[in-house]
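Every heavy atom of this structure was used, including side-chain atoms; hydrogens, water molecules and symmetry mates were not. By convention in this document, chain letters (A, B, ...) are assigned in the order of the sequence lines, proteins followed by strands, and residues within each chain are numbered from 1.
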Amino acid sequence: MTMNIGGSVEKKDHAQKMSGKALYVGDYPLEGVLYGKLLHSSKARARIAEIRLPEIPEGYFVVDKNDVPGDNNVNIVKDDTPVFARETVEYIGDPILMVVGPDEAETERLLKAIEVVYEELPAVLNVRDFDTVFFEYDFGKGDIEKAFAEADKVYTEQFETGYQEQAYLETQGMIGEPQPDKMTVHGSMQCPYYVKGAVVRAMGSSPEGVQIKQDTTGGGFGGKEAFPSILACQVAVAAKKAGKPVRVIFDRREDMEFTSKRHPSLCTYKVAVKDGKITAMDIDVIFNGGAYTTLSAVVLQRGIICSSGVYKVDNLRVKGRAVKTNLVPSGAYRGFGAPQTFFAVEMIMDHIAFDLGLDPMQFKLDNAVKQGDATSTSGIYHFPVPLPEMVEKIDAASGYREKRLEYAIAQTGRYRRGVGSSMFFHGAGFTGSGERDHIKAVSKLHKYPDGSVEILVSNSDIGQGLKTTFSKIVAHELNLPYEKIIIENPDTDRVPDSGPTVASRSLMTVGELLRRAAIKLRESWVDGEDQIVEERFKEPDFLIPFYIDKFQGDAYPTYAWGVNVIEVEVDTLTGVSKILGAWGCFDVGTPVDLNVVLGQMEGGYLQGIGYASIEQMAADEKGRIRNNSFSDYIIPTSMDVPKLEVIMHVEKYPDGPYGAKGAGELPLVGAPGAYIGAMEQALRKPINKAPFSMDDTMKVLQGVKL
Amino acid sequence: MNSIDFVLNGKEVKFTGNPAARLLDVLRDDFRLTGVKCGCKEGECGACSVIIDGLLVNSCMVAMGSINGSTITTIEGYCETARYAVLDKAFASVSAVQCGYCIPGMVLAAECVLAKTPHPTEDEIRVGISGNLCRCTGYNAIVNAISIAAKEGNGLW
Amino acid sequence: MVEYYQPTSLQEALKIRSENKVTPYAGGTDLMIEADENLCYLFLNKVCEMRGIYEDAEYIRIGAACTYEKILQSELVPQILKDAVSQIAAPAIRNLGTMGGNIGNGSAKADSALVCFALDAKLQLSSVSGSRLVDIDKFYLGRKKLDMAENELITEILIPKADFGRYSYFKVGARNALAISRVSFAGVLSLKDGRISNIACAFGAVADTVLRFKDLEKMFLGKTLAEASAIKQDFVSAYSQSIVPIRGRVSMEYRKAVCMNLLNEFLSQSDI
């Protein structure tokens, strides 16, 4: 069959996963594999004075920092994350050592018998009390003082967002398998070459001495971008010491409490308005980075670049800081810093519109950027900005304008309704010049004599459908049946480094490399021969070069766009809110596979709704995260939302395959703004935080100041 | 009593280990039925769902001793059935499978929805799968797939 | 193989219970969260006498090992109890979980226990030496403390056969399925010859045990709806003084506010 780009096919991994035959890391046979259990710090900050070990039986091992053959620093962006804790522990959960052994119960018994003597040190547990700034960036444009001086009105507000846990259904897990000539690590991950870089460094080995293989991965959402590098180093070190395979599979509580999650944020906005238009924004963004830097620098960069939203702001000043606290390191989660700042900017736009007596959606549209306008970093929106068309589509589907007017009239009775909206984008791919300067993606196609073609890339299918969309692209260009395309889970011994599976880059960037590779193969095709073609990343030539030191230039080549409308009903007796409808209009360019794109939009949207509403997570006064199980960290079930209404809009991107842009992260970004906007209308009070709980709602209903 | 005898995916089997062990662990470790997934071990996610005597249960919430004399179906047994074939096609047609981790449990939940209500409403489907968390799909595609299966599998349930 | 017991008759179960150190296991949905592999379970899921639902002259009798799903399917069970049970967890848990286990676990968050309080249910406790009936509110002695001897089992839950009149059950959970109650309320009110003959207002998940204040209910007993309405404010403020919530997944203030709102709503719906 000819591949119909835009239509849908059976996903490449459907049959294996549907039938339960797909092997996740926890599904491998246990014979000869040792169990590894981590000892996590129970103090937020302390010097380790002494570790008292019980008698360790034959065949059991205790593995710590002294066993790391190479460098005890995990290779992430900076060097501060240890493989095993150094002299101090910096958060509750910091991995101190690992007990390894053949019997799981005995391994756990030994772990529990270990006594750690801590000398406690002062800890920073509230982001407002920070004393260490990990990263600080400033940028801006125009004349901000002048704009504020000339403004009709100036608005200043602070917004706060909480943690969000990825809550992938499969917890973190990794197996280290020592081979005669190398260390093989396989498990649940998004970025095999990130893991490889980390293990090479920790093992002090050559690149050839480390092999990383992705197993079928039960969801990532960013949570398996950096964390697997840490766990892989730990199992590799343990496997080396034990001389046997070692597996660590986190239990749910361990995973929720001790692995990275979305950065909590504190954003202060000062906005100038003149003649009904936004003329300036002065923005201060603080992200709670937790105890180690991990990915905070890059998360913050995206967050602050997005902080002025979809709006044309000629006079802009942005300051962003990622600060240290003695809490679990924050990290990547779908949206990567943007959901926090988009929430803040959407809320202040709502509040300004309310103050001016304008409909927020119209006010936002009147202030939105258009093709050719400057971005926050003085780059250019090179391509059409389809927000006006998308607003019309979503209004037609949701009845937003009519409902907004209807619910504005004072409501009485037990149930009160509200409808809110948001507009947002996702800058597609890596921020700035990362793709050109750091990743330098390479992809390969291997054609076998029988005419089948194997895709060789390091991007992992973690559920988002890459195996399917990549195969469709290659099949389409080669006029081959979809079934003739082979794509396996990446193995660094077999695939080139086409970069990590992050930043909504895989399809747009690597998919395009594969398209070009397929064209090359088509043109050089010789029946019956074994052929390999390779394609390397080339930066599109229209880009204004981006300088990260100045935050100047095109931070992203193109943007995916979204408009959300959410309608809620609040029960004034209980503070419980019910979602009556959730509509999302999304432009991710050409869908390479419609079902795959719809699945991304619907799933991401629900994660965003959860983030804004029921997904509460916080550390207590000791720095411990208590919401560490599915009964305490509440994610939506099938009964918590009605059918999500997704409408696609297509604005093609010429440098993406068939016009495709980044898709995966976009649908999460706008949900908090729309949900909280709806809650505000129902409660007739401004809200400055997400998530907004039933407890918060009740306080508003009782007139208690939050 | 000195052994636990039950029918597993159509075969009579014996278990002589600890009767207080979790069915989930025994299915995965002793019987190597790794289609039964472990997501929480607290009855909160549904990834380990199996069918015992015709009813959906979380296998993490079941001690081995309680299943003596029972009949258990896991995804490994269910995927041999004609009903599975209908669900398989339906799930594929809307790409309802993303990361796949919730899917074996979800498929068995779908079977139990349809066994109870061959032509369920959307609400009935949502109630039927409400104990099976999915973080990927937003549930739309899964609910659609079960509706499609109900239509296509007319008479099978 | 470690010892375990799976009796099929009550007599057998009680004998095992009296002679061994065993943990009664009905549905397992609470016990298996911890899944202590050193426990010796007495499995009750095959004990015929504990799995049925039937009625006699005075009571609807629900076997303690009867699953929630069976309770939902029974025509004998009053609707208010079904309302509560239908909102417990999710289908897979309702296929295992039992009222006996829910009550025997001693948690103030037990949704079926709350309804038992409102309906003046009794528990049948049995041992080899005989049986006794305990009023549900007497069964809970404090946080996780129960009036149950080492050799006893909860064998049946007895719901009085009465016309419960107007009733209200309301559960506030963190979401619409798989939710532990944050506040729950069960109220019943019946009239005889125009006067309030029975009223019960019970609050769950608010304190260490279910809260029900029979003394306060007496304020309304024997009154007409008009008379009750006249003293409604006193009634409500008496509750406001009596309900002292504990902090948990939600604040004390939240719990208090919701309790009072649900009480007021129940009274309004009952034309008070």
Side-chain angles (χ1 to χ4, degrees), chain A residues 8-11 13-24 26-30 166-171 216-221 249 251-253 462-465 468 593 595-596 598-607 609 629-631 635-639 641-644 646 667, chain B residues 25 28-29 32-47 74-76 78-80 84 87-89 91-109 122-123 125-144:
Chain A
S8 298
V9 294
E10 179 173 318
K11 290 179 79 181
D13 51 356
H14 169 84
Q16 287 288 304
K17 287 176 171 175
M18 181 81 184
S19 59
K21 293 186 181 84
L23 286 186
Y24 298 77
D27 298 337
Y28 285 85
L30 299 167
Q166 293 85 358
Y168 30 65
L169 260 284
E170 182 212 26
T171 58
T216 305
T217 295
F221 318 117
I249 311 283
D251 68 35
R252 180 59 60 183
R253 286 175 184 258
I462 52 174
Q464 85 286 41
T468 304
D593 185 282
N595 278 346
V596 163
L598 289 175
Q600 286 297 292
M601 298 303 111
E602 292 157 358
Y605 198 10
L606 187 55
Q607 287 185 4
I609 292 170
S629 70
F630 276 136
S631 50
I635 66 171
T637 70
S638 55
M639 286 174 73
V641 270
K643 186 167 177 281
L644 303 160
V646 168
Chain B
D25 295 335
R28 285 182 56 83
D29 298 347
R32 296 291 306 143
L33 297 171
T34 55
V36 186
K37 298 298 178 207
C38 171
C40 72
K41 290 201 173 181
E42 299 189 2
E44 293 278 351
C45 79
T74 70
I75 190 68
E76 286 86 353
Y78 185 65
C79 75
E80 305 295 323
Y84 172 82
L87 281 166
D88 181 42
K89 214 170 149 198
F91 273 62
S93 73
V94 291
S95 303
V97 179
Q98 290 196 28
C99 89
Y101 206 77
C102 73
I103 289 297
M106 196 66 86
V107 169
L108 296 176
E122 183 184 333
D123 281 350
I125 294 171
R126 285 184 181 272
V127 171
I129 63 169
S130 62
N132 296 73
L133 295 178
C134 166
R135 190 60 158 170
C136 294
T137 63
Y139 303 104
N140 271 24
I142 291 171
V143 172
N144 284 347

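You'll find the side chain of A:Q166 stays beyond 4.5 Å of the side chain of B:R135, heavy atoms only. Counting heavy atoms from C-beta outward, B:I75 and B:I103 have side chains that stay 4.5 Å or more apart. Residues B:D25 and B:K41 meet the side-chain proximity criterion, which asks for heavy atoms closer than 4.5 Å. Inter-residue side-chain proximity for A:M18 and B:L87 is flagged as met; some heavy-atom pair is nearer than 4.5 Å. The side-chain heavy atoms of A:M639 and B:D123, taken from C-beta on, include no pair separated by under 4.5 Å. Residues B:Y101 and B:C136 are not in side-chain contact: their nearest non-hydrogen atoms beyond the backbone lie 4.5 Å or more apart.
At a 4.5 Å heavy-atom cutoff, the contact between B:V107 and chain A is made by side-chain atoms alone. Within the 4.5 angstrom heavy-atom criterion, no atom of B:Y78 approaches chain A. For chain B, the nearby parts of A:K643 are the backbone and the side chain; heavy atoms of each come within less than 4.5 Å. Looking at A:P667, there are no atoms closer than 4.5 Å to chain B (heavy atoms on both sides), in backbone or side chain. In this structure, chain A has a heavy atom under 4.5 Å from the side chain of B:K37, while its backbone stays farther away. Heavy atoms closer than 4.5 Å to chain A are found nowhere in B:T74, neither backbone nor side chain. Both the backbone and the side chain of A:S631 come within contact range of chain B, judged by heavy atoms closer than 4.5 Å. For B:T137, the part sitting under 4.5 Å from any heavy atom of chain A is the backbone (N, CA, C, O) and nothing else. In this structure, chain B has heavy atoms under 4.5 Å from both the backbone and the side chain of A:A167. Contact annotation for A:D251: neither backbone nor side-chain heavy atoms come within less than 4.5 Å of a heavy atom of chain B. Only the backbone of A:I462 comes within less than 4.5 Å of a heavy atom of chain B; no side-chain atom from C-beta onward does.
For the set A:S638, A:G603, A:G20, the entry with the most heavy-atom pairs within less than 4.5 Å of chain B is A:S638. Annotation: maximal heavy-atom pairing with chain B below 4.5 Å, among A:P29, A:G26, A:A15, occurs at A:P29. In terms of non-hydrogen atom pairs under 4.5 Å with chain A, the most contact-rich of B:C79, B:S95, B:G46 is B:S95. Counting heavy-atom pairs closer than 4.5 Å to chain A, the top residue among B:I142, B:N132, B:N140 is B:N140. The candidate from A:L169, A:D13, A:L606 with the greatest count of non-hydrogen atom pairs under 4.5 Å with chain B is A:L169. When each of A:T216, A:T637, A:I609 is checked for heavy-atom pairs under 4.5 Å with chain B, A:T637 comes out on top. Comparing B:V127, B:D88, B:I125, B:V97 by heavy-atom pairs within less than 4.5 Å of chain A, the highest count is held by B:D88. The choice from A:R252, A:K17, A:E10 that makes the most heavy-atom pairs within less than 4.5 Å of chain B is A:K17. With respect to chain B, the highest number of heavy-atom pairs below 4.5 Å among A:T171, A:V596, A:V646, A:V641 belongs to A:V641. Listed options B:C102, B:G35, B:A96, B:C99 were ranked by heavy-atom pairs under 4.5 angstrom with chain A; first place goes to B:C99.
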Take A:D27 and B:R28 through the salt bridge (Lys or Arg N to Asp or Glu O under 4.0 Å) test and state the conclusion after the steps. CA-CA 8 Å; A:D27 298 337; B:R28 285 182 56 83; 2.8 Å; yes
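Donor-acceptor pairing under 3.5 Å is recorded for the side chains of A:Q600 and B:Q98.
Within the model, atoms CD1 of B:I129 and CE of B:M106 stand 5.0 Å from one another, a figure rounded to the nearest 0.5 Å. Of the inter-residue distances, the one linking B:F91 atom CZ with A:K11 atom NZ reads 12.5 Å to the nearest 0.5 angstrom. For the atom pair A:Y28 OH and A:I249 CD1, the distance stands at 10.5 Å (nearest 0.5 Å).
With sequence neighbours excluded, no residue satisfies ring-ring contact (aromatic ring centres under 6.0 Å, His included) with A:F221.
Of the possible donor and acceptor atoms, one in the side chain of B:Y139 sits under 3.5 Å from a partner among the backbone N and O of A:P636.
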